[in-house]
Each structure stands twice: as C-alpha cells, then as structure tokens.
Amino acid sequence: MKKLAEKYQSWSEMGKNLFLLVCVAIAGALISLVWVFLDNIGVLLGWLLGSAVNIFAYFTMAKGASYLLGGSRSTKAGYLVIVWGVLRFGLYAGTLVLAGFCSFKWGSLSHGYCNLISAALGLMPTWITLACSMLLRNRKEPAPAPKKEEPVEEKKEEVGEEQ
C-alpha cells in the first residue's frame with residue numbers, strides 16, 4: 001500500500017484525477033451489483049456506460065487544456081479541442097438517449113437493459129470528484145509565500161558645478 005501511495009504522489013494532476021474517477025466508477029459498480037441480484041442488470045450496465053463516457057470526457061478535457069495551455073500554438077491543437085468538445089457532447093447525448101431508449105422501449109426502469117437514472121448518475125462524478133480533490137489538495141499544499149524583494153537602493157548622482 002505504501003508503494004501505491006508513493007507512486008500516486010509522483011503522478012501528474014491529470015493522472016491523480018483519472019485514478020480517482022476510476023476508483024469512483026469501481027465503487028459505483030460494486031454498489032450497483034446489489035441490483036444485479038435483484039434481477040435488474042440495467043442499473044449496473046447504465047452505471048458502467050455512464051462511467052466510461054465520464055472518464056473519456058475527463059481525459060479529452062484534460063488533454064485539450066494541456067494542448068492549449070502547454071504552448072502548442074498550432075491550429076491542429078485548436079481543431080482537436082473543438083472536435084473533442086463536439087464528440088463529448090455527442091457522447092453525453094448519445095448515452096442518455098440510448099439509456100432512455102433501453103429503459104422505456106425495451107423494458108422499464110425496474111427491468112431494462114440499461115437504466116437511464118444510473119447512466120445519468122455515472123456521467124456526474126467528474127465535477128464532484130475534481131472539486132473535492134482540488135479543495136483537499138489546496139488545503140494540504142498551501143500556496144508558496146511570495147518572495148521578498150530586496151529594496152533597490154537609489155543611486156544618487158553627484159551634480160558637479162559647471163562654470
């Protein structure tokens with residue numbers, strides 16, 4: 001466990017956040033297993049679909065931000081960020097439409113192939129996880145104090161008498 005903690009500390013912020021999102025997805029899947037035993041596999045499938053889209057969406061947002069803020073001033077990086085944004089929106093909409101169709105057309109919320117509510121909940125953990133992790137990291141790691149600048153001594157010019 002100590003090695004995992006040391007490895008976690010060496011990861012980038014994106015890696016830490018992805019790890020937290022995967023942990024939330026696994027915890028939600030384990031909780032959703034209760035409904036599998038109650039003969040409703042749709043809750044688990046909806047959660048897994050929403051979580052997979054959620055993790056992919058975070059990955060594309062983080063990579064897009066690093067492309068734009070990392071000094072890459074190429075137009076290809078800008079186009080890639082736009083394409084990823086449209087793809088994310090399409091994936092969110094497609095996930096909800098597919099889950100709604102599976103819940104109401106092929107079954108019901110109690111016995112469907114992909115539960116709409118669990119799919120929608122699977123799409124949400126990014127914002128909650130990132131906000132909590134940011135607050136905890138900032139609390140533990142305070143911002144460095146500004147460096148004190150040494151006072152600059154003004155040079156006095158000697159004015160000579162001109163005659």
Side-chain angles (χ1 to χ4, degrees), residues 1 3-141:
M1 193 65 148
K3 288 185 180 184
L4 178 64
E6 290 172 358
K7 189 179 259 190
Y8 178 80
Q9 291 300 325
S10 68
W11 291 345
S12 67
E13 289 296 316
M14 186 179 94
K16 289 178 183 179
N17 291 332
L18 276 173
F19 178 74
L20 290 175
L21 287 174
V22 169
C23 289
V24 168
I26 291 171
L30 292 175
I31 292 169
S32 298
L33 280 176
V34 172
W35 279 273
V36 172
F37 296 119
L38 297 174
D39 197 32
N40 187 2
I41 196 167
V43 174
L44 176 64
L45 294 177
W47 177 264
L48 291 176
L49 176 65
S51 295
V53 170
N54 183 35
I55 290 169
F56 177 75
Y58 172 74
F59 178 76
T60 58
M61 281 188 278
K63 279 297 186 183
S66 68
Y67 286 158
L68 292 178
L69 298 174
S72 174
R73 299 290 181 211
S74 70
T75 56
K76 289 182 181 180
Y79 290 138
L80 186 62
V81 171
I82 292 170
V83 168
W84 277 347
V86 171
L87 181 65
R88 267 193 315 271
F89 179 74
L91 280 174
Y92 283 143
T95 298
L96 294 175
V97 167
L98 176 67
F101 186 78
C102 291
S103 291
F104 299 115
K105 186 71 173 174
W106 290 342
S108 65
L109 283 176
S110 61
H111 292 292
Y113 293 108
C114 184
N115 191 295
L116 175 64
I117 296 169
S118 64
L121 289 175
L123 293 172
M124 289 186 192
T126 298
W127 312 110
I128 298 165
T129 304
L130 295 181
C132 292
S133 67
M134 180 190 69
L135 289 173
L136 289 175
R137 285 188 197 128
N138 286 343
R139 193 180 87 201
K140 289 180 181 177
E141 301 169 8

Does some side-chain heavy atom of Tyr67 sit less than 4.5 Å from a side-chain heavy atom of Trp84?
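In contact.
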Measuring from atom [atom1] of [X] to atom [atom2] of [Y], what distance do you get when rounded to the nearest 0.5 angstrom?
X: Phe101; Y: Leu116; atom1: CZ; atom2: CG; answer: 13.0 Å
X: Phe59; Y: Arg88; atom1: CZ; atom2: CZ; answer: 11.5 Å
X: Leu91; Y: Thr60; atom1: CG; atom2: OG1; answer: 8.5 Å

Run the side-chain donor-acceptor check on residues 17-37: report pairs under 3.5 Å with partners two or more places apart or on a different chain.
residue: Asn17; atom: OD1; partner: Ser133; partner atom: OG; Å: 3.3
residue: Asn17; atom: OD1; partner: Arg137; partner atom: NH1; Å: 3.2
residue: Asn17; atom: OD1; partner: Arg137; partner atom: NH2; Å: 3.4
residue: Asn17; atom: ND2; partner: Glu13; partner atom: O; Å: 3.2
residue: Asn17; atom: ND2; partner: Tyr58; partner atom: OH; Å: 3.1
residue: Ser32; atom: OG; partner: Gly28; partner atom: O; Å: 2.8

Please name all residues satisfying side-chain contact (heavy atoms from CB on, under 4.5 Å) with Leu98, sequence neighbours left out, ordered by chain then number.
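With sequence neighbours excluded, Leu98 shows a side-chain contact (heavy atoms from CB on, under 4.5 Å) to Leu49, Cys102, given in chain and number order.
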Mind checking what makes side-chain contact (heavy atoms from CB on, under 4.5 Å) contact with Leu45, not counting sequence neighbours?
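Listed in chain order: Ile41.
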Mark yes or no for whether Ser66, through its side chain, and Lys63, through its backbone, hold a donor-acceptor pair below 3.5 Å.
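Yes.
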Which heavy atom of Leu123 sits nearest a heavy atom of Gly50, and at what distance?
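Shortest heavy-atom separation between Leu123 and Gly50 comes out as CD2-O, 3.5 Å.
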Between Ser118 and Val43, what is the shortest heavy-atom contact and its length?
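Minimum heavy-atom separation between Ser118 and Val43: OG-O, 3.0 Å.
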